[in-house]
Amino acid sequence: MAELKAPRGTIDRFPPYSERCEHVIKCFVDACRAHDYRIVHTPTFEDTRLFTRGVGESTDIVMKEMYSFKDKKGRDLSLRPEMTAGVIRALIEAGRRYTGQIEKLAYYGPMFRYDRPQKGRYREFFQVGIEAIGDTSPYLDVDVILLGWDYLLNLGIKPDDMVVIVNSIGDAEDRKTYLKILREHLKKVEDELCDDCKSRLDTNTLRVFDCKNPKCKELVSDAPRPLKHISSANREHFDIVIKMLESFGINYRIDEDIVRGLDYYTHTVFEVFPTGEEEASQGALLGGGRYDGLFATLSNGELDFPAVGFASGVERVLEAVDWDSQDKKAISELDFYVVILGDNAKSQAYKIVRKLQQWGFSADIDYRAGKLKSQFKRSEARNAKSIMIIGDDEINAGIVKFKPSKDKEIELSLSCFDMENPPDEIMSPP
RNA sequence: GUGGCUGUAGCUCAGCUGGUUAGAGCGCCAGGUUGUGGCCCUGGAGGCCGUGGGUUCGACUCCCAUCAGCCACCCCA
């Protein structure tokens with residue numbers, strides 16, 4: 001066993017896994033293109049204060065999951081645990097001013113959280129996500145949800161196999177009044193709550209709704225819910241979101257208990273689950289919501305733009321995809337495997353490989369040569385679509401032998417050594 | 001961060017209550033077949049039994065530590 005190992009919670013990605021990851025990202029990018037969201041890149045590490053202020057001091061992410069370090073000049077930096085705060089910071093820093101246009105941005109890349117690893121949960125993981133900035137319209141919330149939906153559809157996940165769980169937690173004002181009501185309610189039963197919930201009461205009150213402790217569940221079950229205490233304007237916003245989801249035939253369910261653990265969320269919050277797996281701990285395919293106050297928080301109130309977005313964990317989504325049906329799109333295929341017989345065929349064979357590559361095909365050649373049988377076996381291992389055979393006989397005759405893999409009976413002789421363009425036979429094999 | 005399960009060949013796993021040279025299937029390589037792949041037969045390579053310490057005449061097996069993976073929490077993607 002090697003003494004040098006990948007650090008805990010990190011993974012090496014080899015084919016075909018690596019290609020499946022790329023495919024998930026590609027399906028995401030395709031959906032972004034359809035909705036006109038364009039790619040943004042921001043640094044993988046940022047000033048630590050960006051996250052303590054943006055994500056929230058009392059969140060688990062900031063309290064115990066950040067990879068924080070000092071650089072050689074003593075600057076406090078952290079590997080990004082999520083990307084929303086970074087994107088907003090970048091926009092503020094770029095001095096963007098919005099004159100009514102909407103900024104629609106998409107991203108993908110590695111994120112870092114010092115969490116205890118499990119399946120679908122890594123310390124370095126890939127996330128894809130979007131941010132739609134500059135409009136309070138509920139239709140933009142819907143656009144964000146639909147983009148996420150389309151991305152999952154692109155991966156071959158059936159509409160009936162997914163469900164959007166939605167809720168609204170209102171704006172900052174709603175939240176302040178609601179939290180007061182909720183705390184008052186919980187104070188009455190404080191002694192009976194579990195230790196976690198007792199500490200949550202003051203720091204992250206909303207999270208009591210997520211407690212799995214049966215006693216807490218019971219006590220919390222008749223607590224007031226945020227959705228019932230938001231302003232009528234905000235309720236109307238939420239109703240439009242619901243109405244639109246309904247009109248598009250999206251599978252959805254309102255769940256008044258979902259609240260999101262990052263401080264910046266406001267109004268609409270949502271998660272998408274595989275149907276029937278809404279309780280699974282790492283089961284959410286994506287999660288997001290509105291964060292209308294984040295600009296103000298990160299710009300000391302100088303700028304104040306509304307925004308909405310989602311993020312999705314690539315390794316988790318990967319688990320929900322039916323790869324038997326997707327692999328032919330995901331895994332890169334080799335068009336030609338060139339088999340050679342005898343050392344003196346190598347240089348001539350390589351000329352054919354070059355031609356194939358320049359004609360736009362993928363082609364590999366087995367320089368180890370050796371027995372035909374071994375070379376054929378290697379071509380199978382690589383799943384090559386066709387085989388070219390080049391030996392002394394072929395060179396003398398000025399031809400190559402061409403065999404499509406799927407029918408071993410077929411063998412054509414092609415004289416393509418001097419051809420400028422690919423012969424018809426390989427463009428449309430028999 | 002808390003609690004629990006696991007760690008033997010590239011992969012999936014056997015290895016009984018401690019006892020000689022640690023096994024199987026699949027895969028890989030070679031030969032049967034020195035120019036034609038999926039089958040078959042034969043042979044071969046490959047393990048400090050996760051790592052370090054301890055108990056013992058003797059440890060893959062028991063104890064401790066450590067590392068890693070997984071599960072349930074916590075939380076999130």
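Letters A, B, ... are given to chains in the order of the sequence lines, protein chains preceding strands, and every chain is numbered from 1.
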| note | Output row for RNA chain B, stems defined as at least 3 consecutive Watson-Crick or G-U pairs under 3.5 Å, is B:1-7 with B:67-73, B:10-13 with B:23-26, B:28-32 with B:40-44, B:50-54 with B:62-66
| task | Could you list the residues that satisfy side-chain hydrogen bond (donor to acceptor under 3.5 Å, both in side chains) with Gln375(A), not counting sequence neighbours? | result | none
| field | Among C74(B), G35(B), G37(B), the one nearest Ile387(A) by side-chain distance | value | G37(B)
| task | Give one of base, sugar-phosphate or nothing for Ile389(A), where a contact means two heavy atoms less than 4.0 Å apart. | result | base
| request: Could I get the full list of side-chain hydrogen bond (donor to acceptor under 3.5 Å, both in side chains) partners for Ser362(A), not counting sequence neighbours? | output: Asp335(A)
| Which whole number of Å gives the distance between the P atom of C11(B) and that of G69(B)? | 15 Å
| Who are the side-chain hydrogen bond (donor to acceptor under 3.5 Å, both in side chains) partners of His35(A), not counting sequence neighbours? | Asp143(A), Asp150(A)
| task | List the steps, then state whether salt bridge (charged side-chain N to carboxylate O under 4.0 Å, His left out) holds for Lys26(A) with Asp30(A). | result | CA-CA 6 Å; Lys26(A) 183 186 180 296; Asp30(A) 287 348; 2.9 Å; yes
| said: Roughly how many Å apart are A9(B) and U33(B), using the P atom of each and rounding to a whole number? | reply: 36 Å
Considering only distance and modelled atom types, tabulate donor-acceptor pairs under 3.5 Å from the side chains of residues 153-166 of chain A, sequence neighbours left out.
unit_1    : atom_1 : unit_2   : atom_2 : d
Asn154(A) : ND2    : Cys27(A) : O      : 3.0

| For nucleotides 65-71 of chain B, read 5' to 3', which letter fits each nucleotide if B means a protein heavy atom sits under 4.0 Å from the base, S means only the sugar-phosphate is that close, and - means neither? | --SSSSB
| query | Sequence neighbours excluded, which residues qualify as ring-ring contact (aromatic ring centres under 6.0 Å, His included) partners of Phe270(A)? | reply | none
| query | For Gly391(A), does its backbone N or O pair with a side-chain atom of Glu394(A) as donor and acceptor, under 3.5 Å? | reply | yes
| message | Taking the six-membered ring of Phe126(A) as reference, does the cationic atom of Arg13(A) (NZ for Lys, CZ for Arg) lie under 6.0 Å from its centre and within 45° of its axis? | response | yes
| What interatomic distance, in whole Å, is found between C1' of C48(B) and the corresponding atom of G43(B)? | 27 Å
| said: Please report the distance, rounded to the nearest Å, between CD in Glu380(A) and C1' in U36(B). | reply: 11 Å
| task | Would you indicate whether the side-chain heavy atoms of Ile426(A) and Leu414(A) approach each other to under 4.5 Å? | result | yes
| request: Report yes if a donor N or O on one partner sits less than 3.5 Å from an acceptor N or O on the other, where the partners are the side chain of Gln375(A) and the base of G35(B); otherwise report no. | output: no
| Atom pair distance, as rounded to whole Å: CG in Asp115(A) and P in U2(B) | 13 Å
| message | Taking the minimum atom-to-atom distance to the side chain of Leu372(A), which one of G1(B), U36(B), A77(B) wins? | response | U36(B)
| message | Would you measure the distance from the P atom in G19(B) across to the matching atom in G23(B) and give it in whole Å? | response | 14 Å
| message | Taking any heavy-atom pair under 4.0 Å as a contact, classify Leu341(A): base, sugar-phosphate, or nothing. | response | base
| remark: Those residues at least two apart in sequence (or on a different chain) that pass side-chain hydrogen bond (donor to acceptor under 3.5 Å, both in side chains) with Gln357(A) are Arg354(A)
| Given atom CZ of Phe28(A) and atom C1' of A77(B), what is their separation to the nearest angstrom? | 12 Å
| Spacing of Glu409(A) atom CD relative to G37(B) atom P, expressed in whole Å | 10 Å
| request: Taking ring-ring contact (aromatic ring centres under 6.0 Å, His included) as the test, write out the residues that go with Phe361(A), two or more places apart. | output: Phe336(A)
| message | Between C1' on G38(B) and CZ on Phe376(A), what's the gap in Å once rounded to a whole number? | response | 12 Å
| message | In this structure, how many angstroms lie between the C1' atom of U36(B) and the CD1 atom of Ile399(A), rounded? | response | 14 Å
| Position toward the 5' end of RNA chain B (nearest nucleotide), Asp407(A) or Leu262(A) | Asp407(A)
| field | Euclidean distance for P, A72(B) against U20(B) (whole angstrom) | value | 40 Å
| Using 30° and 60° as the class limits, which term best fits the ring planes of Phe28(A) and Tyr151(A): parallel, tilted or perpendicular? | perpendicular
| Restricting to pairs with a member in residues 372-384 of chain A, which pass salt bridge (Lys or Arg N to Asp or Glu O under 4.0 Å), not counting sequence neighbours? | Asp366(A)-Arg378(A)
| From the list G37(B), A77(B), C74(B), which nucleotide is the closest neighbour of the side chain of Lys64(A)? | C74(B)
| Which whole number of Å gives the distance between the P atom of G7(B) and that of C60(B)? | 15 Å
| query | Between Glu315(A) (CD) and A77(B) (P), how many Å, whole number? | reply | 14 Å
| task | Take nucleotides 25-33 of chain B nucleotide by nucleotide from the 5' end and write B, S or -, depending on whether a protein heavy atom sits under 4.0 Å from the base, only from the sugar-phosphate, or from neither. | result | -----SSB-
| Which part of the nucleic acid does Glu319(A) contact within heavy-atom distance under 4.0 Å: base, sugar-phosphate only, or nothing? | nothing
| remark: Separation of G37(B) atom P from Lys403(A) atom NZ, nearest Å, is 8 Å
| field | Distance between C1' atoms of G15(B) and G25(B) (Å, rounded) | value | 15 Å
| request: In whole angstrom, give me the gap between the C1' atoms of C39(B) and C49(B). | output: 36 Å
| field | Pairs involving residues 117-126 of chain A, ordered by first then second residue, that meet salt bridge (Lys or Arg N to Asp or Glu O under 4.0 Å) (sequence neighbours left out) | value | Asp115(A)-Arg121(A)
| request: Give a yes or no on whether a donor-acceptor pair under 3.5 Å exists between the nucleobase atoms of U36(B), that is its base, and the side chain of Glu411(A). | output: yes
